[in-house]
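Start at 1 with the first residue, then count along the sequence.
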Amino acid sequence: MMITNEGAFIKNKISDKNMFQNFEVKAYWFLNDNQNSGSYGFLKYNAGRDSVFEISPAFCDETEQFNSTSPYDICGISEYGEIIRGIGYRVGSSFNHPGLSIEKIQFFDFSIDNFRDDSFSPKLVNFLATDFNYWFPNQKFSIPDKGLGVIIETPKATEIGKIKYDNVDYILKIGHASSSEPQNYNHKFNIHMNTFLMLETDQALAENKTMQLIQKIIEMYEIITEPASLKDVCYIEGNKKRKLFLNPKYKNFLDNKYSPNLFFLDYNDVQSELLNVINNWVSSSKELQLLVDDYLLTVNYRLVIENDLVNYTQGIESYFRNERLTLRDKINKFIEELPESYRELLSEHVGNTDDWIGKLVSTRVFLTHGDRENMVVSNPYKLVQMTKIFGFMVRIFILQKLGITIDKPKILNKFKNVLTTHYY
């Protein structure tokens with residue numbers, strides 16, 4: 001299919017935006033590559049919420065408007081000449097006025113292309129998550145002696161190393177980009193400096209497989225730092241770009257709220273181990289993946305502290321699922337696999353470790369089955385403290401399995417803080 005829109009006015013391109021930036025754009029929409037039969041309408045993108053557009057005339061006819069529709073395979077040519085592709089679902093229609101039909105369609109995921117032909121075989125993808133700019137080494141800037149303007153020093157991409165995933169070799173790099181835009185007529189301007197990761201291969205990237213790897217890397221980043229959201233994904237072939245708009249987990253999550261104490265571990269703490277950690281994670285056992293899934297589910301979607309405790313213990317059960325052990329024995333084995341320095345700190349602050357494990361297990365059993373109520377930790381503040389301690393140990397257990405040295409003062413001091421923090 002060759003899509004044409006000669007004379008398009010390219011300005012404020014939506015392909016320059018990311019998943020956290022709202023926008024509205026007018027486009028000509030059509031189904032199944034049938035450019036000769038379409039409708040006009042506005043796409044309104046709300047980050048982290050609905051992406052809806054209304055078209056007129058409707059794609060459906062009046063007899064179909066109340067039927068559940070199959071997904072639409074939709075293309076659009078934006079007012080800026082960019083190509084929008086996605087899967088849409090009808091969420092409303094109107095045939096109230098003779099000769100005027102309106103249909104409302106919702107996008108969940110879509111892409112924006114800056115090219116208009118079907119030839120696209122990218123070997124490079126750039127991606128960005130919240131707070132990459134703060135965690136990875138960023139660009140430097142300086143002010144000239146005369147104080148006019150700003151000099152931005154954009155370094156070349158830095159290679160981290162090779163990742164093998166699903167029998168494909170990727171080169172992982174740290175990339176940088178900068179841009180500026182005038183703020184007003186007083187010679188003020190905004191400078192945007194982005195740090196992102198790059199995956200490059202010697203063959204055309206398979207989008208599904210590549211997105212799986214990107215998600216894996218983001219998961220690893222969350223375990224090392226803090227909960228995050230994918231913010232930008234762009235496939236590149238020469239001057240051709242395809243920008244993906246997925247449904248981000250957070251709207252402006254933590255961006256512009258940077259604190260030096262935000263991250264669990266800084267880039268400098270893990271730089272020498274990072275490539276090994278990523279390769280360990282993408283080739284990890286199903287059991288470790290299940291544990292990580294439970295951990296990330298807990299820290300990303302916190303509801304009540306009781307759910308956190310159940311999720312953490314469920315993760316430990318999943319990790320040791322192939323061993324014929326009771327939950328108590330599994331938790332005991334999990335703790336025994338931590339460095340001695342952590343075990344000593346735990347017993348120093350909670351007393352007899354076996355008794356502490358017994359209270360934890362009994363609480364979990366009560367929460368899930370309603371048994372052993374007389375043995376449960378019912379004091380809400382003690383329950384919070386127990387859950388925080390247990391969750392911290394799950395995190396460092398995962399880090400250890402991924403290849404990060406956890407027996408270091410910075411992490412031990414964090415554990416001491418968790419152990420000595422009381423809730424009232």
Asker: Counting C-beta onward and ignoring hydrogens, is there a side-chain heavy-atom pair between Leu338 and Phe397 closer than 4.5 Å?
Answerer: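 Yes, side chains in contact.
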
Asker: With ring-ring contact (aromatic ring centres under 6.0 Å, His included) as the criterion, how do Phe390 and Phe334 come out once you've worked through the C-alpha distance, each side chain's angles and the decisive distance to 0.1 Å?
Answerer: CA-CA 11 Å; Phe390 190 50; Phe334 147 74; 5.7 Å; yes

Asker: State yes or no: are the ring centers of Phe263 and Tyr134 separated by less than 6.0 Å?
Answerer: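 Distance test on ring centres: not under 6.0 Å, no.
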
Asker: Would you call the rings of Phe53 and Phe107 parallel, tilted or perpendicular, taking 30° and 60° as the class edges?
Answerer: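 Rings of Phe53 and Phe107: tilted, as their planes differ by 30° to 60°.
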
Asker: Cationic tip of Lys330 within the cone over Phe320's six-membered ring, i.e. under 6.0 Å and within 45° of the normal?
Answerer: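 Cation-pi check for Lys330 and Phe320: fails.
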
Asker: Whether Asp266 and Lys410 form a salt bridge (side-chain N of Lys/Arg under 4.0 Å from carboxylate O of Asp/Glu) is what I want to check.
Answerer: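 Yes, this pair counts.
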
Asker: So if I apply the salt bridge (charged side-chain N to carboxylate O under 4.0 Å, His left out) rule between Glu200 and each of Lys123, Lys173, Lys162, which one comes out positive?
Answerer: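 Option passing the salt bridge (charged side-chain N to carboxylate O under 4.0 Å, His left out) with Glu200: Lys173.
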
Asker: Testing Phe264, Phe196, Tyr267 for ring-ring contact (aromatic ring centres under 6.0 Å, His included) with Trp135, which one passes?
Answerer: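 By the ring-ring contact (aromatic ring centres under 6.0 Å, His included) criterion, Trp135 pairs with just one of Phe264, Phe196, Tyr267: Tyr267.
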
Asker: For Lys401, is there an ion pair with Glu287 - N to carboxylate O distance below 4.0 angstrom?
Answerer: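 So Glu287 does not pair with Lys401 through a salt bridge.
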
Asker: For the pair Glu222 and Asn300, evaluate side chain to side chain donor-acceptor pair (under 3.5 Å) and give the outcome as yes or no after the intermediate values.
Answerer: CA-CA 9 Å; Glu222 289 187 281; Asn300 275 300; 3.1 Å; yes

Asker: Of all the heavy-atom pairs spanning Tyr342 and Asp407, show the shortest one and how long it is.
Answerer: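 In terms of heavy atoms, the two residues are closest at CE1-CA, 4.3 Å.
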
Asker: Assert yes or no for the condition that the ring centre distance of Tyr235 to Phe120 is strictly below 6.0 Å.
Answerer: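 Ring centres of Phe120 and Tyr235 not closer than 6.0 Å.
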
Asker: For residues Gly358 and Arg328, report the shortest heavy-atom separation together with the two atoms involved.
Answerer: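 What the structure gives for the nearest pair is CA-NH1, 3.5 Å.
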
Asker: Hey, does Met220 have a side-chain heavy atom less than 4.5 Å from the side chain of Leu274?
Answerer: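 They are in contact (side-chain heavy atoms under 4.5 Å apart), so the answer is yes.
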
